Structures are given as C-alpha cells and as structure tokens.
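All values derive from a computational prediction rather than experimental measurement.
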Amino acid sequence: MPRLTTFTRDGLVFDVDDTGPLDGPPVVLLHGFPTDRTSWQGISALLHDAGLRTLAPDQRGYSPGARPSGRAAYVMSELVADVVALLDAAEVDRAHVVGHDWGGGVAWSLAGSHLDRVASLTALSTPHPAAMNRAFRSFDQARRSWYMGAFQIPWLPERVLSVGFEAGLRRGGLPAEAAAHYAARMAEDRALECAIGWYRALPLSRGSAHRVHAPTTYVWGSRDPFLGRHAVELTREHVTGEYRFVELVEGHWLPERAAPECAAEIIARVQSVG
C-alpha cells in the first residue's frame with residue numbers, strides 16, 4: 001500500500017503525513033487552532049517506536065488546497081466527514097483517533113457519530129462538546145472563552161490577530177520555533193480567515209456531538225487558560241465506554257509541551273483495545 005501524501009473530498013485536497021509502520025495499528029492525529037500537522041511530530045515519533053502508524057492531516061482551512069469560503073463550510077459535520085474521507089483513502093476500516101484543541105472537538109464528534117470507524121479515542125485538552133456547552137453557563141468558562149464570541153465579528157479578528165501573532169503565541173506558552181512556524185502558516189492567503197471559520201460555524205453546528213461508547217482517554221492540563229475544570233468534570237457524563245482521565249500540570253499546548261506524557265497515554269489506550 002503506498003503512503004498517503006494527500007487525500008481529496010468534494011474537490012478539496014488535504015495534505016497528510018502518513019508515517020510509521022504501514023502494518024501497525026493506525027492512529028489519526030487531528031490538530032487544533034492555530035497549529036497544523038507538524039504539532040504532532042514529537043508524539044508521532046514515539047508512537048512509531050511503539051509500532052503504530054500515524055495519519056496526521058492538515059485539516060480543512062489549513063491545507064492550502066482545502067480552504068473553502070463561507071462559515072457553513074466549517075460546520076462540524078463537514079469536519080467529521082473529512083476524517084472519514086481520510087480513513088477511506090488510507091483503506092482503514094477503524095482507527096485510533098487522537099485530537100487536540102479543535103481537533104479534539106472533531107475527534108469527540110467522530111467517535112460519537114461513527115463508532116464503527118473509531119477503535120479508541122484520546123482527547124488532549126478538549127472536553128466533550130456537550131460538556132463544553134454546559135460549562136459555558138458558568139462565569140469561569142464564559143470568561144475563558146470570550147474570544148469565541150469575538151471571532152463571530154467579520155474580518156476584524158483577522159486584522160487584530162495578524163499584528164503580533166507570533167509573539168502572542170509565544171506568550172501563550174508555545175515554544176518559539178513552533179510559534180514562528182504556525183504564525184507563518186497563518187500568514188498564508190486566507191489561512192487565518194479559514195481557521196477562524198471553525199469558530200464562526202459554531203452557531204450552525206449544535207447537536208453534532210453524541211455520547212461516546214468507544215474506549216476513551218482524556219488528558220487535560222490544569223494550567224490551561226482556555227478550558228476550565230468544570231467542563232473537564234462534566235465530560236465523564238458523556239462517555240459510556242471505558243474511561244480514563246489524566247491531569248497534567250501543564251498549559252494548553254500539550255502536543256508541543258508534554259509529548260512524552262501524551263504519547264504514553266495514547267500508546268496505553270491503543271494497547272488496551274488490542
């Protein structure tokens with residue numbers, strides 16, 4: 001079977017890193033905002049050492065060939081369908097799915113709506129979407145998520161973020177090299193507009209999350225400035241499968257800052273399924 005470098009869906013072309021042993025259990029790695037598939041490099045190397053194959057795409061809005069216009073193009077059902085298309089292109093019936101930040105939201109929704117395609121789920125940072133919606137009613141989570149409302153404003157967020165974006169990522173805890181790379185990617189034509197499109201599609205994506213029956217591990221950093229403890233604690237109520245919660249003394253950027261710990265949890269979850 002040849003390695004994937006791209007896959008297509010509805011005329012869009014997605015870049016993907018297909019690495020590790022081809023005959024190993026497949027693990028899909030879904031990045032968040034404003035990162036890309038390179039965020040997984042530290043984790044994927046450790047997964048390969050454990051005999052796992054990894055499929056890490058640049059998701060919709062991040063791949064240069066997959067930047068459609070309009071917020072409806074970024075509703076959760078479209079994001080989930082992109083991952084199903086990746087599995088089909090890789091000829092993978094079921095995969096272990098890992099997601100961070102927005103990628104975690106997609107992973108939760110995929111596991112809830114396509115149980116037949118998901119062998120296990122590992123969510124990094126991101127609570128179950130329904131738990132997140134419930135937590136929004138609390139002052140703490142509303143305070144942490146103020147930017148989601150601000151992102152609903154047309155064009156202005158792109159203008160504001162583009163000024164000092166790299167420095168802002170460094171202040172938020174990302175390593176300097178990663179911050180420079182992500183800022184350069186977001187400076188590409190329409191990249192930031194499309195990445196913010198995920199947020200602008202939120203009002204159109206309600207009801208996209210279901211209870212998760214797959215074996216699940218949830219890893220959260222107690223110093224995460226964006227995702228508070230209330231949503232974390234509510235997440236357990238939305239998982240009916242075997243569940244493990246791991247709390248790290250870390251911030252939000254777990255793939256870059258806690259790769260060994262995250263990789264160990266992913267490997268343990270894959271091995272628990274067999």
Side-chain angles (χ1 to χ4, degrees), residues 30-35 39 43 74 76 79 97-112 121-153 157 160-161 165 168-175 178-179 182 195-196 198-212 216-241 243-259 261-262 265-266 269:
L30 302 173
H31 68 83
F33 173 89
T35 69
S39 65
I43 289 177
Y74 297 92
M76 185 57 70
L79 306 174
V97 181
V98 182
H100 174 251
D101 188 79
W102 259 111
V106 177
W108 281 112
S109 297
L110 176 71
L121 167 66
T122 303
L124 307 182
S125 301
T126 314
H128 188 284
M132 186 70 173
N133 287 341
R134 292 168 62 191
F136 272 133
R137 303 169 193 167
S138 70
F139 172 77
D140 178 67
Q141 189 57 57
R143 173 183 61 84
R144 293 171 183 266
S145 301
W146 66 269
Y147 60 94
M148 293 186 179
F151 280 175
Q152 301 303 314
I153 302 171
V160 173
L161 282 179
F165 193 50
L169 293 177
R170 289 201 306 270
R171 287 194 300 271
L174 272 171
Y182 301 146
I196 292 175
W198 289 47
Y199 292 93
R200 291 179 175 143
L202 273 171
L204 308 178
S205 294
R206 292 178 180 176
S208 61
H210 308 275
R211 288 189 182 273
V212 172
T216 298
T217 297
Y218 177 24
V219 183
W220 174 69
S222 60
R223 296 176 179 172
D224 194 316
F226 308 115
L227 301 165
R229 187 175 294 276
H230 187 43
V232 171
E233 293 174 345
L234 290 173
T235 290
R236 179 66 184 93
E237 300 177 20
H238 299 277
V239 181
T240 61
Y243 183 69
R244 172 172 165 78
F245 172 65
V246 179
E247 181 175 333
L248 303 178
V249 183
E250 292 287 350
H252 182 68
W253 309 106
L254 298 182
E256 293 88 355
R257 289 295 190 185
E261 295 88 344
C262 293
E265 293 300 332
I266 296 166
R269 174 49 67 199

Taking every heavy atom of H252 against every heavy atom of S125, the minimum-distance pair comes out as O-OG, 3.1 Å
Does the pair L161 and I196 meet the rule for a side chain to side chain contact (heavy atoms under 4.5 Å, CB included), with working shown?
CA-CA 10 Å; L161 282 179; I196 292 175; 4.0 Å; yes
From CA spacing to verdict: side chain to side chain contact (heavy atoms under 4.5 Å, CB included), T126, F226
CA-CA 10 Å; T126 314; F226 308 115; over 6 Å; no
Sorted by chain and residue number, the salt bridge (Lys or Arg N to Asp or Glu O under 4.0 Å) partners of R236 (sequence neighbours excluded) come out as none
Which residues share a ring-ring contact (aromatic ring centres under 6.0 Å, His included) with Y243, sequence neighbours left out:
none
Under the side chain to side chain donor-acceptor pair (under 3.5 Å) test, which residues partner R223, sequence neighbours left out?
none
For Y182, which residues count as a side chain to side chain donor-acceptor pair (under 3.5 Å) partner, sequence neighbours excluded?
E256
Using side-chain contact (heavy atoms from CB on, under 4.5 Å) as the criterion, list what pairs up with V106, not counting sequence neighbours.
L30, Q59, M76, L79, V80, V83, W198
Per the ring-ring contact (aromatic ring centres under 6.0 Å, His included) rule, which among Y199, Y147, W102 passes with F33?
Y199
On the 0 to 90° scale, with breaks at 30° and 60°, tag the H100-W253 ring pair as parallel, tilted or perpendicular.
tilted
Between P129 and S109, the two heavy atoms sitting closest are CG-OG, 4.2 Å
Heavy-atom donor-acceptor pair, R211 side chain to E237 backbone, under 3.5 Å:
yes
With S222 via side-chain contact (heavy atoms from CB on, under 4.5 Å) - residues at least two apart
W220, R229, E247, V249
Test side chain to side chain donor-acceptor pair (under 3.5 Å) applied to R257 - qualifying residues, sequence neighbours left out
none
Candidate pair D101 and T35, rule side chain to side chain contact (heavy atoms under 4.5 Å, CB included), full reasoning
CA-CA 10 Å; D101 188 79; T35 69; over 6 Å; no
Inter-residue atom distance D224.CG - L248.CG, 0.5 Å rounding
11.0 Å
So, for L234 and A135, which heavy atoms are closest and what is the spacing to 0.1 Å?
CD1-N, 4.2 Å
Any side-chain to backbone donor/acceptor pair from R137 onto A142? Under 3.5 Å, distance only.
no
Work out which heavy atom in G221 is nearest to a heavy atom in L254; give both atom names and the distance.
N-CD1, 4.2 Å
I would like to know whether M132 and L227 meet side chain to side chain contact (heavy atoms under 4.5 Å, CB included); could you show each step before the answer?
CA-CA 9 Å; M132 186 70 173; L227 301 165; 3.4 Å; yes
Which distance, rounded to the nearest 0.5 Å, do you find between the CG of L124 and the OH of Y218?
9.5 Å
For the student: nearest non-hydrogen atoms of P255 and I43, plus distance:
CA-CD1, 3.8 Å
With R143 via salt bridge (Lys or Arg N to Asp or Glu O under 4.0 Å) - residues at least two apart
D140
Residue set satisfying side-chain contact (heavy atoms from CB on, under 4.5 Å) with H238, at least two apart, ordered chain then number -> H128, A130, A131, R134
P127 versus Q141: any side-chain heavy-atom pair under 4.5 Å?
no
Not counting sequence neighbours, which residues clear side-chain contact (heavy atoms from CB on, under 4.5 Å) with E265? List them please.
T217, V219, R244, V246
Is there a side-chain contact between F151 and L202 in this structure, where contact means two heavy atoms from C-beta onward sitting under 4.5 Å apart?
no
By side chain to side chain donor-acceptor pair (under 3.5 Å), S39 pairs with (sequence neighbours left out) none
